[in-house]
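Written out below as structure tokens is the structure these notes cover.
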Amino acid sequence: MPEESAVRLVNFLEEQAGEYLRGAIHYSGDEYVSLYMRDDVDALYPPEKMEELTEYYRRENQSRTVEEPFDLGTNHCTVNFYDDAILFHFTQGDELGTVITLEPEAGRDIVTFITDCLEQLHYNSPQEIPRAPNWLKG
């Protein structure tokens, strides 16, 4: 992700999530970039753990390209609720993705947050969202 796009995304996330933002990474191919990591969260994840987590999300991304038993369109984001975080995994093609984590208290307006993130990733990064839905293009 180009630096200018990364800065725009982090500014957007800080504006939207405020104190609830825990971290954001972007991965492609065999690399990942930590876009933002709050100090207390950064202390929990040394580089080797970040590599392990990134590899997990690469595999998850690739498994989502397998044909679903139903046709509802593209799966743009998975959301996982944990005790200590809400994790959003936005896939942006076969080998690209962005993972954003928030504090659980941020869970009030999840659909709006996901839609706003998709717009940022679609319009302000070099990747496109394949088969972007009409509600995103609007």
Side-chain angles (χ1 to χ4, degrees):
M1 175 177 278
E3 188 173 335
E4 183 179 319
S5 296
V7 169
R8 263 194 304 234
L9 178 60
V10 170
N11 288 340
F12 163 79
L13 292 172
E14 289 177 328
E15 182 179 298
Q16 293 294 309
E19 66 184 296
Y20 298 126
L21 181 60
R22 291 171 47 92
I25 64 166
H26 177 75
Y27 63 87
S28 61
D30 292 334
E31 311 179 319
Y32 80 90
V33 176
S34 179
L35 304 173
Y36 173 87
M37 201 64 61
R38 202 172 65 197
D39 290 341
D40 62 318
V41 175
D42 192 41
L44 298 172
Y45 299 101
E48 55 277 357
K49 186 65 174 175
M50 287 301 294
E51 288 287 345
E52 181 182 328
L53 291 170
T54 302
E55 185 55 37
Y56 170 82
Y57 289 109
R58 279 191 195 98
R59 284 191 311 271
E60 183 181 87
N61 189 352
Q62 290 169 352
S63 72
R64 292 193 327 169
T65 60
V66 174
E67 229 177 271
E68 300 279 344
F70 45 82
D71 185 16
L72 298 176
T74 302
N75 182 353
H76 298 283
C77 177
T78 59
V79 180
N80 295 287
F81 291 87
Y82 297 97
D83 294 338
D84 297 327
I86 302 171
L87 189 142
F88 303 87
H89 181 200
F90 295 90
T91 56
Q92 299 162 264
D94 293 338
E95 294 189 1
L96 301 171
T98 302
V99 178
I100 299 167
T101 62
L102 303 178
E103 291 294 329
E105 295 82 5
R108 291 183 301 274
D109 297 315
I110 296 299
V111 173
T112 300
F113 180 75
I114 291 170
T115 302
D116 291 346
C117 284
L118 283 170
E119 287 176 358
Q120 286 293 314
L121 294 169
H122 184 69
Y123 293 113
N124 295 317
S125 71
Q127 320 73 311
E128 290 186 15
I129 294 176
R131 295 178 38 192
N134 290 333
W135 53 262
L136 181 60
K137 294 177 188 174

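All figures in this text were calculated on a predicted structure; none of them were measured in a lab.
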Margin query: Nearest 0.5 angstrom please: Glu4 CD to Leu9 CG, how far?
Written below: 12.5 Å
Next item on the list: Might you work through the ring pair (Phe, Tyr, Trp, His ring centres under 6.0 Å) test for Tyr27 and His89, ending with a clear yes or no?
Entry: CA-CA 11 Å; Tyr27 63 87; His89 181 200; 5.7 Å; yes
Next item on the list: Answer yes or no: does atom CD of Glu31 have more than 12 heavy-atom neighbours from other residues, nucleotides or ligands under 6.0 Å?
Entry: no
Notebook entry, point to check: Are more than 12 heavy atoms from other residues, nucleotides or ligands located less than 6.0 Å from atom CD of Glu105?
Noted result: yes
Counting only pairs under 3.5 Å, give me each side-chain donor-acceptor contact of residues 11-21, with atom names and distances, residues two or more places apart or in other chains.
{"unit_1": "Asn11", "atom_1": "ND2", "unit_2": "Val7", "atom_2": "O", "d": "3.3"}

Next item on the list: Decide whether Ile100 and Phe81 are clustered together by the hydrophobic rule: side chain heavy atoms of Ile, Leu, Val, Met, Phe, Trp, Tyr closer than 4.5 Å, transitively.
Entry: yes
Item checked: Hphob cluster co-occupancy, Tyr36 + Phe113, side-chain heavy atoms under 4.5 angstrom -> yes
Margin query: Using modelled atom types and a 3.5 Å cut-off, is there a donor and acceptor pairing between side-chain atoms of His26 and backbone atoms of Gly97?
Written below: yes
Check: Any chain of hydrophobic side-chain contacts (each under 4.5 Å) joining Tyr82 to Phe90?
Finding: no
Check: Is Arg38 reaching over with its side chain to a backbone N or O of Gly23, donor-acceptor style, under 3.5 angstrom?
Finding: no
Check: With hydrophobic residues grouped by side-chain heavy-atom distances under 4.5 Å, do Val99 and Leu53 end up in a single group?
Finding: yes
Item checked: Distance in Å, Arg22 CZ paired with Asp84 CG, rounded so as to fall on 0.5 Å steps -> 6.5 Å
Check: Glu103 and Ile86: which non-hydrogen atoms are nearest, and at how many Å?
Finding: O-CD1, 3.8 Å
Checklist line | Non-hydrogen atoms of Leu35 and Val10 that approach each other most closely | finding: O-CG2, 3.4 Å
Checklist line | Connected via hydrophobic side-chain network under 4.5 Å: Tyr57 and Leu44 | finding: yes
Note to self: Less than 4.5 Å apart, side chain to side chain, heavy atoms only: is that true for Tyr56 and Glu52?
What the structure shows: no
Check: In terms of heavy-atom contacts, does CG of Asp30 have more than 12 from other residues, nucleotides or ligands at under 6.0 Å?
Finding: no
Check: Rounded to the nearest 0.5 Å, what separation is found between the CG atom of Asp42 and the CE atom of Met37?
Finding: 6.0 Å
Next item on the list: Starting at OH of Tyr32, measure out to CD of Glu51 and round the result to the nearest 0.5 Å.
Entry: 5.0 Å
Next item on the list: Taking all non-hydrogen atoms of both residues into account, name the closest pair between Ala85 and Pro104 and its distance.
Entry: N-CG, 3.7 Å
